[in-house]
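Encoded as structure tokens, the structure appears first; notes follow it.
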There are 2 protein chains.
Amino acid sequence: MKMTEGVEWTAHACALLAALPPGIGLPANALAEFHALAPAYMAKHMQALARGGVVESVRGAGGGYRLARPATDISLWDIVEAIEGAEPAFRCSEIRQQGPCVTPNGDFRKPCEIHSAFGKAEMAWRAHLKSVSLADIATEVTRKSSPQKRAAVTVWLQEKLA
Amino acid sequence: MKMTEGVEWTAHACALLAALPPGIGLPANALAEFHALAPAYMAKHMQALARGGVVESVRGAGGGYRLARPATDISLWDIVEAIEGAEPAFRCSEIRQQGPCVTPNGDFRKPCEIHSAFGKAEMAWRAHLKSVSLADIATEVTRKSSPQKRAAVTVWLQEKLA
DNA sequence: CTATTGCGGACATTTAGCATCCGGATTATA
DNA sequence: TATAATCCGGATGCTAAATGTCCGCAATAG
């Protein structure tokens with residue numbers, strides 16, 4: 001049960017985009033640089049976010065990525081879904097239908113209890129992720145950071161957006 | 001975000017053990033045979049369950065595995081923890097502490113917002129798994145299975161427990 | 001003593017994640 | 001129109017983890 005690093009990378013990248021004025025974006029290179037991450041790999045992940053409809057891409061010089069919707073309408077689940085897909089972590093392979101005691105006619109119309117318990121647990125997990133928006137994250141991060149930090153970010157952004 | 005097959009295998013095995021009279025167990029071979037699973041690999045997983053305190057092992061002829069506690073006191077989470085460990089799926093690598101805008105003095109005493117959001121989601125997931133006991137599973141499985149199925153299981157068990 | 005069974009380690013195979021690079025397409029700007 | 005910046009998708013290689021087997025050792029019932 002491990003989540004890929006891509007989720008962490010893109011979540012932080014999106015939090016940064018959410019702190020920008022609406023409609024403004026940054027190229028993948030800058031997003032990687034901000035957290036000192038491998039640029040080529042970050043670019044791959046951003047492409048996945050774009051395919052998933054979380055961000056919009058703008059090609060060509062001066063282009064980059066920006067949020068596809070207001071930050072209040074993008075949840076952490078949207079990011080997980082774009083990077084890792086919507087497949088449940090628990091994959092039921094219906095082993096109850098195998099073995100020496102299976103009865104020929106269907107006992108399997110009813111769902112597998114174990115499958116459904118894990119399914120419900122995962123729905124609870126997703127529900128919590130859906131309840132947290134990028135706006136929530138960005139607001140808290142800004143609120144908790146020191147004035148020095150905020151100043152450093154502002155300077156860096158001005159250089160990148162110039 | 002994938003769970004290992006071992007969790008599915010052992011969850012079904014434990015559900016079978018939970019349906020047995022208290023104190024009665026089965027060898028790993030039988031547990032594998034019941035769901036037509038690879039015996040050697042199932043044995044590995046059962047050893048992990050034993051290390052995790054979910055089942056007790058009895059060595060030697062006539063031995064095998066039995067639940068370490070009443071089925072009402074064993075949750076699906078106990079099984080996940082024994083097989084996959086208690087590490088969170090989301091691993092925060094604190095990338096917020098990297099990059100051109102980090103301020104020298106600690107902005108990091110406060111927890112990472114993204115980390116804590118994923119942490120809470122995962123707690124919700126675990127809480128649901130903790131709320132489902134093997135007794136719950138076993139009861140439902142038995143209740144929903146046909147008389148033919150129940151009869152087949154009884155016959156098979158009598159052979160294995162002889 | 002022997003057959004059965006669990007235990008742990010070594011090992012091989014397969015799959016998934018991590019990471020890079022390249023050629024092609026798009027677009028702003030000089 | 002030429003150039004540089006940028007995204008896109010595919011190909012590729014490396015590493016780590018999951019999957020699966022096997023063996024020798026220890027314990028135990030008969």
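Within every chain, numbering begins at 1; the chains are lettered A, B, ... in the order of the sequence lines, protein sequences first and strands thereafter.
- OP1 or OP2 of D/dC8 has at least one side-chain nitrogen or oxygen of A/S57 nearer than 4.0 Å.
- Atom pair B/K160:NZ and C/dT4:P shows a separation of 12 Å (rounding to whole Å applied).
- B/Y41 places its OH atom 8 Å from the P atom of D/dA18, with the value rounded to the nearest Å.
- For A/A61, taking side-chain heavy atoms from C-beta onward, the closest of the listed nucleotides D/dA18, D/dT21, D/dA4 is D/dA4.
- For B/L161 and C/dT5, the CG to C1' distance is 15 Å, given to the nearest whole Å.
- Of the candidate nucleotides D/dA17, C/dG17, C/dT5, C/dG17 has the atom lying nearest to any side-chain atom of A/T4.
- Taking the nucleotide of DNA chain C with the nearest heavy atom to each of B/L26 and A/K44, the more 5' of the two is matched to B/L26.
- In this structure, CZ of B/R66 is placed 13 Å from C1' of C/dG6, rounded to the nearest angstrom.
- Straight-line distance from the NE2 atom of A/H45 to the P atom of C/dC18: 6 Å, rounded to whole Å.
- The existence of a salt bridge linking B/E33 and B/K160 is confirmed by a sub-4.0 Å separation between a basic side-chain nitrogen and an acidic carboxylate oxygen.
- Between A/M46 atom CE and C/dA19 atom P there is a gap of 17 Å when expressed in whole angstrom units.
- Taking every side-chain heavy atom of A/R51 into account, D/dG9 is the closest of D/dT19, D/dG9, C/dC7.
- The distance between atom NZ of A/K2 and atom P of D/dT15, rounded to the nearest whole Å, is 17 Å.
- Between the side chains of B/S93 and A/E8, a donor-acceptor pair is found at a separation under 3.5 Å.
- Listed nucleotides: D/dA17, D/dC8, C/dG17. Nearest to the side chain of A/R59: D/dC8.
- Looking at B/R69 and B/D78, a side-chain N of the basic residue comes within less than 4.0 Å of a carboxylate O on the acidic one, giving a salt bridge.
- If you measure from atom CD of B/E56 to atom P of D/dT28, you get 13 Å, rounded to the nearest angstrom.
- Using a 4.0 Å heavy-atom criterion, one finds that A/A43 contacts no nucleic acid atom at all.
- Two residues, B/E84 and B/G60, neighbour DNA chain D, and the one matched to the more 5' nucleotide by heavy-atom proximity is B/E84.
- Ring geometry for A/W9 against A/Y41 counts as perpendicular: the plane angle is over 60°, on a 0 to 90° scale with 30° as the lower cut.
- Applying the side chain to side chain contact (heavy atoms under 4.5 Å, CB included) test between A/P70 and each of A/L67, A/I74, A/T72 identifies A/T72 as the sole match.
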